Amino acid sequence: MNEIAMRVLDMSTVLRPSNAYALVLEEIGVARRKLALIIGAHEAHCIKIARMAYKTPRPLTYEMVGNLLRQGDLKIKKALIYDVSDGIYSSFIYVERPDGLEYRVDSRTTDAICLSYYMDFPVFVVEDLLDREMLRNISEDGSTYTLSVNSVSLDMLQKAMDDAVKAEDYERASEIRDEIRRRKKEAE
């Protein structure tokens with residue numbers, strides 16, 4: 001399983017629903033593949049604060065966790081984004097104890113990214129996941145691109161299907177409808 005180092009490239013604020021953002025990660029290295037995570041307003045706000053290294057009057061959750069880890073003499077080696085399902089990315093944080101033993105902790109990807117800014121550790125993605133989910137059809141200026149259907153929640157798929165019907169793009173609407181049905185059947 002190859003792991004690809006990533007960095008935060010950008011975050012857009014113009015998605016529907018209006019409280020959704022696209023957090024774009026970019027591969028560090030030659031290929032520069034990109035991955036978009038659809039996140040909520042709170043998560044976007046926390047990542048912005050972490051990127052700026054802004055000091056809040058009281059610690060945010062990622063700062064508290066980082067302080068706990070430091071006080072316990074625990075070191076984070078890396079975060080690894082390993083899966084996506086229904087628009088939700090899953091990550092592990094790999095931690096090293098003072099005795100050298102390493103273990104992993106399940107984490108929200110946005111929390112792992114905030115913590116990586118605070119504690120300065122790398123973020124990786126499993127290459128197979130990146131190849132499946134990477135952004136495609138990126139415009140020259142980077143303002144438009146195609147997301148993988150796995151990167152989008154059921155609510156957003158429903159909205160996209162409604163928009164396709166309104167635009168009379170029935171082929172696209174039927175593709176989205178089929179994906180919604182597939183996900184609902186898997187959930188049963």
Side-chain angles (χ1 to χ4, degrees), residues 3-84 87-96 102 104-127 129-130 133-136 138-148 150-153 155-156:
E3 298 175 1
I4 306 300
M6 304 294 283
R7 70 178 182 92
V8 173
L9 177 64
D10 198 10
M11 192 169 357
S12 79
T13 58
V14 289
L15 288 174
R16 286 176 282 172
S18 61
N19 64 345
Y21 293 74
L23 175 66
V24 179
L25 304 180
E26 180 180 56
E27 177 178 3
I28 297 171
V30 178
R32 300 219 184 256
R33 293 171 285 187
K34 295 173 180 60
L35 182 69
L37 291 74
I38 307 304
I39 63 174
H42 174 75
E43 293 79 6
H45 180 73
C46 286
I47 289 171
K48 285 178 188 177
I49 288 172
R51 284 179 80 181
M52 295 183 327
Y54 179 76
K55 296 292 182 196
T56 58
R58 301 291 303 142
L60 296 174
T61 304
Y62 69 87
E63 295 169 313
M64 179 199 62
V65 169
N67 293 335
L68 284 169
L69 291 167
R70 286 188 181 122
Q71 290 296 318
D73 202 22
L74 300 169
K75 182 179 179 187
I76 297 182
K77 305 298 279 186
K78 67 181 177 183
L80 177 65
I81 304 168
Y82 66 89
D83 192 25
V84 63
I88 300 170
Y89 282 85
S90 298
S91 298
F92 289 126
I93 294 177
Y94 289 80
V95 183
E96 182 180 4
E102 287 187 25
R104 70 181 188 200
V105 178
D106 194 23
S107 173
R108 291 174 6 144
T109 300
T110 52
D111 290 338
I113 290 170
C114 285
L115 198 55
S116 77
Y117 278 111
Y118 188 65
M119 297 190 73
D120 193 31
F121 59 85
V123 175
F124 295 88
V125 63
V126 173
E127 188 168 28
L129 175 65
L130 179 58
E133 303 299 323
M134 71 181 182
L135 297 180
R136 302 190 195 295
I138 302 171
S139 66
E140 290 273 333
D141 66 356
S143 64
T144 60
Y145 45 79
T146 303
L147 286 173
S148 163
N150 291 323
S151 300
V152 181
S153 69
D155 290 342
M156 290 185 79

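Everything quoted here is computed from the prediction, not taken from an experiment.
When every heavy atom of Leu130 is checked against every heavy atom of Ile4, the shortest pair comes out as CD2-CG2, 4.0 Å. A pairwise comparison of heavy atoms in Gly66 and Met119 identifies CA-SD, 3.5 Å as the closest pair. Of all non-hydrogen atoms in Lys34 and Arg32, the two that sit nearest each other are NZ-O, 3.4 Å. When every heavy atom of Phe121 is checked against every heavy atom of Lys77, the shortest pair comes out as CB-O, 4.1 Å. Of all non-hydrogen atoms in Ser107 and Ala112, the two that sit nearest each other are OG-N, 3.6 Å. Closest non-hydrogen pair, Asp83 versus Leu129, comes out as N-CD2, 3.6 Å.
Surrounding CG of Asp120 are at most 12 heavy atoms belonging to other residues, nucleotides or ligands under 6.0 Å away.
Here Ile39 contributes atom CD1 and Ile88 contributes atom CD1; the two are 13.0 Å apart, rounded to the nearest 0.5 Å. Between atom CG of residue Leu35 and atom CD1 of residue Ile81 there is a gap of 6.0 Å, rounded to the nearest 0.5 Å. To the nearest 0.5 angstrom, Asp106 atom CG is 4.5 Å from Tyr82 atom OH.
Residues satisfying the side-chain contact (heavy atoms from CB on, under 4.5 Å) test with Pro122, not counting sequence neighbours, are Lys78, Phe124.
Side-chain contact, Asn67 with Tyr118: a donor N or O sits under 3.5 Å from an acceptor N or O.
For the pair Leu25/Leu23, a side-chain contact is recorded, criterion being any heavy-atom separation below 4.5 Å from C-beta on. At least one side-chain heavy atom of Val8 sits under 4.5 Å from a side-chain heavy atom of Tyr117. Counting heavy atoms from C-beta on, the side chains of Val125 and Leu80 never come closer than 4.5 Å.
Checking each of Glu127, Glu26, Glu133 against Arg33 for a salt bridge (charged side-chain N to carboxylate O under 4.0 Å, His left out) leaves exactly one that passes, namely Glu127.
Side chain of Thr56 to backbone of Arg58: a donor-acceptor contact under 3.5 angstrom is found. Within the 3.5 Å criterion, the main-chain N or O of Leu68 finds no donor-acceptor partner in the side chain of Gln71. Formation of a donor-acceptor pair under 3.5 Å by the Ser91 side chain with backbone atoms of Arg108 is not found in this model.
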